[in-house]
Amino acid sequence: MTDYKNIVVLTGAGVSAESGLQTFRDNGGLWEGQRVEDVATPEAFAANPAFVQKFYNLRRQQLLTPSVTRNAAHDALAAFEQSFLGEFTLVTQNVDNLHQQAGSKNIFPMHGELLKARCVSCDSVCEWSDDILAESACGHCGCRASLRPHIVWFGEMPLYMSGIEEALERCDLFVSIGTSSVVYPAAGFAQVAHYNGATTVELNLEPSAHGSKFDKAYYGLATQVVPNFFAKL
């Protein structure tokens, strides 16, 4: 393959599916059995914080079970980053910590992180692996009942957008892995990279909504197509 100097990789739920984590939304429009409107909006949290907290507490517990571990796709991306002599940026829509487990360093978790909590009083963010309860207190300001999951909900601005946009403008290769390409702004990243002259590649279980617009595409299980692709770079 051509020698690339600046690579941006975008990952979605498909890269973690083989690790035992469910993909974002099923064909019925449910997010892990719940309506998105009931668990993934600021309005839902304001209306029923206990219900929303329980939903994310269960997801956090699931992530921390021994059966959920990084897979060969996560490992391949981390290993490539460590050996790559150019600039490598990993943007993930996932809120799990599997990329970090594998050793990825230059990572933008644009939709937040499940193992962190954010205080709505002082806006501080802290590591959090336990349940968030009504009596949980912020370690920074001490306020109780002020913590929420450090998750970007629908209607909120994704994180790290300025850094992501700068990376997209500089990259000469953009690789989309395991994402449906329907949720913006991430769904538009390939177009931005293409506009700036980058080669665009899709690695997915099946073609996404914008699959035909990529310069190259390879389909199959993430644990197979991701290591194979990056081994050839």
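In what follows, residues are counted from 1 in the order of the sequence shown.
- Rounded to the nearest 0.5 angstrom, Ile164 CD1 and Leu10 CG are separated by 8.5 Å.
- Closest approach of Arg118 to Ile151, counting heavy atoms only: NH1-N, 4.3 Å.
- At distances below 3.5 Å, not a single donor-acceptor pair connects side-chain atoms of Thr200 with backbone N or O atoms of Phe214.
- Clustering ILVMFWY residues whenever any of their side-chain heavy atoms sit less than 4.5 angstrom apart, transitively, puts Tyr160 in the very cluster that holds Leu168.
- Taking Ile, Leu, Val, Met, Phe, Trp and Tyr as members and joining any whose side-chain heavy atoms lie under 4.5 Å apart, directly or through other members, the hydrophobic cluster of Leu147 also contains Trp128, Ile132.
- For residues 77-92, the set of pairs meeting the side chain to side chain donor-acceptor pair (under 3.5 Å) definition, not counting sequence neighbours, comprises Asn6-Glu87, Thr11-Thr92, Glu87-Arg170, Thr89-Asn106.
- Residue Thr223 holds its OG1 atom at 14.0 Å from CZ of Arg70, rounded to the nearest 0.5 Å.
- Here Leu221 sits in one hydrophobic cluster together with Leu205; the rule is ILVMFWY side chains under 4.5 Å apart, joined directly or through other members.
- Summarising the geometry, atom NZ belonging to Lys5 is positioned 5.5 Å from atom CG belonging to Asp3; distances are rounded to the nearest 0.5 Å.
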side-chain contact (heavy atoms from CB on, under 4.5 Å) evaluation trace for Leu173 with Leu233: CA-CA 11 Å; Leu173 174 65; Leu233 283 183; 4.0 Å; yes
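- With Asp172 contributing its side chain and Ala198 its backbone, the two residues share no donor-acceptor pair below 3.5 Å.
- For residues 130-145, the set of pairs meeting the side chain to side chain donor-acceptor pair (under 3.5 Å) definition, not counting sequence neighbours, comprises Gln61-Asp131.
- A donor-acceptor pair under 3.5 Å is absent between the side-chain atoms of Asn204 and the main chain of Tyr219, judged by distance alone.
- Applying the side-chain hydrogen bond (donor to acceptor under 3.5 Å, both in side chains) test to Ser180 and every residue at least two apart in sequence or in another chain returns nothing.
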Audit row: Arg148, Trp153, side-chain contact (heavy atoms from CB on, under 4.5 Å) steps and yes/no: CA-CA 11 Å; Arg148 56 161 281 182; Trp153 289 325; 3.3 Å; yes
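- Applying the ring pair (Phe, Tyr, Trp, His ring centres under 6.0 Å) rule to pairs touching residues 60-91 yields His74-His99, Phe80-Phe84, Phe80-Phe88, Phe80-Phe230, sequence neighbours excluded.
- Clustering of Ile, Leu, Val, Met, Phe, Trp and Tyr side chains at separations under 4.5 Å leaves Val125 isolated, with no partner residue.
- The line from OG of Ser146 to CG of Asp123 is 11.0 Å long, rounded to the nearest 0.5 Å.
- The two residues Cys138 and Cys122 have their closest heavy-atom pair at SG-SG, 3.8 Å.
- Put simply, the side chain of Gln53 never gets that close to the backbone of Ala134: no donor and acceptor are under 3.5 Å apart.
- Contact of the Leu115 side chain with the Arg60 side chain is registered, since non-hydrogen atoms from C-beta on lie closer than 4.5 Å.
- Sorted by first and then second residue, the ring pair (Phe, Tyr, Trp, His ring centres under 6.0 Å) pairs with a member in residues 177-197 form an empty list; sequence neighbours excluded.
- Proximity of Gln100 to Ile107: side-chain heavy atoms (C-beta onward) are separated by under 4.5 Å at one or more points.
- Residues that satisfy the side-chain hydrogen bond (donor to acceptor under 3.5 Å, both in side chains) test with Ser162, not counting sequence neighbours, are absent from this structure.
- Of all heavy-atom pairs between Val8 and Ala167, the closest is CG2-O, 3.6 Å.
- Of all non-hydrogen atoms in Val39 and Ala44, the two that sit nearest each other are N-CB, 4.0 Å.
- For the pair Ala193 and Phe174, the tightest heavy-atom approach, listed with the atom from each and the gap, is CB-CB, 3.6 Å.
- The number of heavy atoms from other shown groups lying within 6.0 Å of CD (Glu156) is above 12.
- Clustering ILVMFWY residues whenever any of their side-chain heavy atoms sit less than 4.5 angstrom apart, transitively, puts Leu58 in a cluster other than the one holding Leu114.
- Taken from OG in Ser208 to CG in Leu203, the straight-line distance is 11.0 Å, to the nearest 0.5 Å.
- Following chains of ILVMFWY side-chain contacts shorter than 4.5 Å, one can reach Phe51 starting from Tyr56, so the two form part of one hydrophobic cluster.
- With sequence neighbours excluded, no residue forms a side-chain hydrogen bond (donor to acceptor under 3.5 Å, both in side chains) with Glu169.
- When every heavy atom of Thr65 is checked against every heavy atom of Gln62, the shortest pair comes out as OG1-O, 2.7 Å.
- Sorted pairs that involve residues 183-195 and meet salt bridge (charged side-chain N to carboxylate O under 4.0 Å, His left out), not counting sequence neighbours, are lacking altogether.
- In this structure, the side-chain hydrogen bond (donor to acceptor under 3.5 Å, both in side chains) partners of Ser19, at least two apart in sequence or on a different chain, are Asn71.
- For His150 (side chain) and Glu113 (main-chain N/O), no donor-acceptor pair under 3.5 Å exists by modelled atom type.
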Could you check Val95 against Arg59 for side-chain contact (heavy atoms from CB on, under 4.5 Å), going step by step and ending with a plain yes or no? CA-CA 10 Å; Val95 298; Arg59 294 190 71 201; 3.9 Å; yes
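- Atom CG of Leu98 and atom OG1 of Thr69 lie 7.5 Å apart (nearest 0.5 Å).
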